[in-house]
J.: 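Let me give you the structure first, and then I'll get to my questions.
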Amino acid sequence: MPLITLREALTAAEDGGYAVGAFNVSDLNQAYSVLEAARQSKSPVIVQSIAGMNPYADEGWWWDRLRELVVSYDDVSAVLHLDHGSRYTDCIRAIEHGFTSVMIDASRDVKTGEASTFEHNVELTRSVVEYAHARGVSVEGELGTIGGAETPEDGVVEEIVFTDPMQAADFVRLTDVDALAVAVGTSHGSVKFTDAEGGQRLRIGLIEKIKSELPQTYLVLHGSSSVPQDAVATINANGGSLPESYGLNLEQKQEGIAAGIRKINQGTDSHLVWTAALRELLAKRPSEVEPSQILSSPLTAMQELTAQRMREFGSAGQTA
Ligand code: 13P
């Protein structure tokens, strides 16, 4: 199966009433975990990378290798997606490296971090759409401001500016984006909500209103991690110091899917279970230095978590 576009993956999700997980990967090992989970779960998958978030000296090299790895899984329906492109040039570079989908996040000014004007957001998003659609690549835009830290350059955004449904309709009409990231109560990163009720903050009614204005556009939920408490406890028991924090619970994510969410972004949960497994292994085996021994349990933990999310989002079994 060749790489598919975001529009193709989300059209199938809309027809089937499920959501496709978009998993952030920082290196080739993590991409392997996500792709293995997709193959074993018979699930479509969105493999996504944020510009600047990888350990390699040459980002073009990383993106080329990532694409080769994704393509080698010829039995998996996969989208290769740029997450949170903040500049026009990020998106163009990703398309040149063979990404089948890009996000242009022009909802905030890249220099000041302040919410950008509607007009600026439309203009930049529209220019990326023109370039991408001419090359058969899908585009995700963002309207409203999702909380938390999104890119390596970001500070943490405290304020969530909720997406306005009428403005969302104008935005899609003016830009022709394929998918829209909506600000409906979630927040990026491992520090989300300070009380366990944080998971109740997703505004399902708002998702339904936006969806009714935009029947042909696929809605994207960012900041969807649940922040598994056992992973946080393991990290902290083995030298870490993460603050108490809670993410979205499973019921809220599934209500979001029922209300029209078709792409669910998740990075933090994968990174938490990966780090927990790594810290635990190093603490238990302090003299271990062989990478093959050290990396196996973090990768297995990430693969298992990813497969669990695919079942929860209803995408498992969809490419059987
Ligand atoms: P989390 O930090 O909640 O995993 O969200 C990731 C995300 O939305 C990336 O775009």
Side-chain angles (χ1 to χ4, degrees), residues 21-43 45-50 52-59 61-63 65-66 68-70 72-73 76 78 83 148-149 151-152 156 188-192 194 196 223-250 265-313 316:
F23 300 98
N24 287 92
V25 296
S26 308
D27 69 9
L28 288 168
N29 285 316
Q30 290 199 330
Y32 164 84
S33 293
V34 168
L35 287 160
E36 282 294 316
R39 172 184 274 164
Q40 282 165 22
S41 309
K42 299 191 182 335
S43 173
V45 68
I46 300 160
V47 177
Q48 59 183 16
S49 165
I50 298 180
M53 269 200 188
N54 64 80
Y56 307 109
D58 177 349
E59 186 153 79
W61 179 91
W62 148 238
W63 282 352
R65 301 292 84 71
L66 178 61
E68 281 168 9
L69 182 66
V70 176
S72 76
Y73 279 75
V76 172
D83 188 26
T151 72
V156 174
H188 290 99
S190 61
V191 182
K192 293 190 186 294
T194 50
S224 311
S225 279
S226 301
V227 190
Q229 296 299 300
D230 51 347
V232 172
T234 302
I235 290 171
N236 287 346
N238 291 287
S241 70
L242 289 173
E244 189 178 1
S245 184
Y246 303 90
L248 272 197
N249 61 35
L250 172 61
N265 281 25
Q266 184 215 267
T268 296
D269 282 355
S270 307
H271 302 324
L272 283 171
V273 297
W274 188 96
T275 303
L278 181 64
R279 279 190 180 273
E280 194 171 41
L281 183 130
L282 290 174
K284 275 194 190 141
R285 290 160 55 183
S287 55
E288 184 62 78
V289 294
E290 167 54 43
S292 66
Q293 300 299 310
I294 293 171
L295 282 178
S296 153
S297 66
L299 293 184
T300 302
M302 182 158 165
Q303 184 178 325
E304 285 172 357
L305 189 274
T306 307
Q308 182 189 331
R309 293 290 182 257
M310 289 168 169
R311 291 191 295 277
E312 292 170 354
F313 301 164

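For the numbers below, each heavy atom of this structure counts, side chains included, while hydrogens, waters and symmetry mates do not.
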J.: Are any side-chain N or O atoms of Asn236 and backbone N or O atoms of Ser241, one a donor and one an acceptor, separated by less than 3.5 Å?
T.: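 Flag set: sc Asn236 to bb Ser241 pair under 3.5 Å.
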J.: Does some side-chain heavy atom of Asp27 sit less than 4.5 Å from a side-chain heavy atom of Tyr56?
T.: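 The answer is yes, as the side chains (C-beta and beyond) meet within the 4.5 Å cut-off.
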J.: Which of these, Val76, Val45, Leu35, Val34, sits in a side chain to side chain contact (heavy atoms under 4.5 Å, CB included) with Val70?
T.: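 The residue from Val76, Val45, Leu35, Val34 that satisfies side chain to side chain contact (heavy atoms under 4.5 Å, CB included) with Val70 turns out to be Leu35.
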J.: Any side-chain to backbone donor/acceptor pair from Glu288 onto Glu290? Under 3.5 Å, distance only.
T.: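 Here the side-chain-to-backbone pair exists.
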J.: How about Arg285 and Gln293: do any of their side-chain heavy atoms sit closer than 4.5 Å?
T.: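 Side-chain contact under 4.5 Å: yes.
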J.: Any side-chain donor-acceptor pair under 3.5 Å between Tyr73 and Glu36?
T.: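 On atom types as modelled, these side chains qualify, holding a pair under 3.5 Å.
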J.: Which atom names give the shortest non-hydrogen contact between Ile235 and Leu242, and what distance separates them?
T.: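 Distance-wise, the nearest heavy atoms are CD1-CD1, 3.8 Å.
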J.: If I compare all heavy atoms of Leu299 with all of Ser33, which pair ends up nearest, and what's the gap?
T.: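 So the minimum-distance heavy-atom pair works out to O-OG, 3.0 Å.
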J.: Looking just at side-chain N and O atoms, do Asn238 and Glu280 make a donor-acceptor pair shorter than 3.5 Å?
T.: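 No donor-acceptor contact under 3.5 Å links the two side chains.
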J.: What's the spacing between Phe23 CZ and Asp269 CG if we round to 0.5 Å?
T.: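 Rounded to the nearest 0.5 Å, the CZ-CG separation comes out at 9.5 Å.
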J.: Quick check: does any side chain N or O of Gln30 sit under 3.5 Å from a backbone N or O of Ser26, one acting as donor and the other as acceptor?
T.: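 Answer holds: yes.
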J.: With rounding to the nearest 0.5 angstrom, report the CH2 to OG1 distance, Trp274 to Thr268.
T.: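 Taking CH2 in Trp274 and OG1 in Thr268, the distance rounds to 14.0 Å.
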J.: Can you tell if the side chain of Pro228 reaches within under 4.5 Å of the side chain of Leu272, non-hydrogen atoms only?
T.: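 With C-beta onward as the side chain, the pair touches.
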J.: Taking Asn265's backbone N and O only, do any of them form a donor-acceptor pair with Ser224's side chain (distance below 3.5 Å, no angle check)?
T.: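 Yes, because the side chain of Ser224 sits within donor-acceptor range (under 3.5 Å) of the backbone of Asn265.
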J.: Count the heavy atoms belonging to other residues, nucleotides or ligands that lie under 6.0 Å from CD of Glu244, then report whether that count exceeds 12.
T.: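 Atom CD in Glu244 is not packed in, count stays at 12 or less.
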J.: Answer yes or no: is there a donor N or O on one side and an acceptor on the other, between the side chain of Gln229 and the main chain of Val227, under 3.5 Å?
T.: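 A pair under 3.5 Å: yes.
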J.: Using a distance-only test with no angle check, is there a side-chain donor-acceptor pair under 3.5 angstrom linking Glu59 and Asn54?
T.: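 Glu59 vs Asn54: donor-acceptor pair found between side chains.
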J.: Could you state the interatomic distance from CG (Asn24) to CG (Asp83), rounded to the nearest 0.5 Å?
T.: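 Between atom CG of Asn24 and atom CG of Asp83 there are 5.0 Å.
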J.: If every non-hydrogen atom of Ser49 is compared with every non-hydrogen atom of Leu66, which pair is closest and at what distance?
T.: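 For Ser49 and Leu66, the tightest heavy-atom pair comes out as CB-CD2, 4.2 Å.
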J.: For the residue pair Ala37 and Ala307, what are the closest heavy atoms and their distance?
T.: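 Reported closest heavy-atom pair: CB-N, 3.8 Å.
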J.: Between Ala231 and Ala276, what is the shortest heavy-atom contact and its length?
T.: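 Smallest interatomic distance, heavy atoms only, reads O-CB, 3.7 Å.
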J.: Under the side-chain hydrogen bond (donor to acceptor under 3.5 Å, both in side chains) criterion, do Gln266 and Ser270 qualify, and how do the steps go?
T.: CA-CA 7 Å; Gln266 184 215 267; Ser270 307; 2.8 Å; yes
J.: For Arg279 and Gly239, work out which heavy atoms get closest and say how close.
T.: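 Nearest pair, atom of Arg279 first, then Gly239: NH1-C, 3.5 Å.
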J.: For Glu304 and Gln308, run side-chain hydrogen bond (donor to acceptor under 3.5 Å, both in side chains): C-alpha distance rounded to whole Å, both residues' side-chain angles, the deciding distance at 0.1 Å, then the answer.
T.: CA-CA 6 Å; Glu304 285 172 357; Gln308 182 189 331; over 6 Å; no
J.: Given side chains that start at C-beta, do those of Met302 and Ser297 come closer than 4.5 Å, heavy atoms only?
T.: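 When only atoms from C-beta onward are counted, Ser297 and Met302 do not touch, as no gap falls below 4.5 Å.
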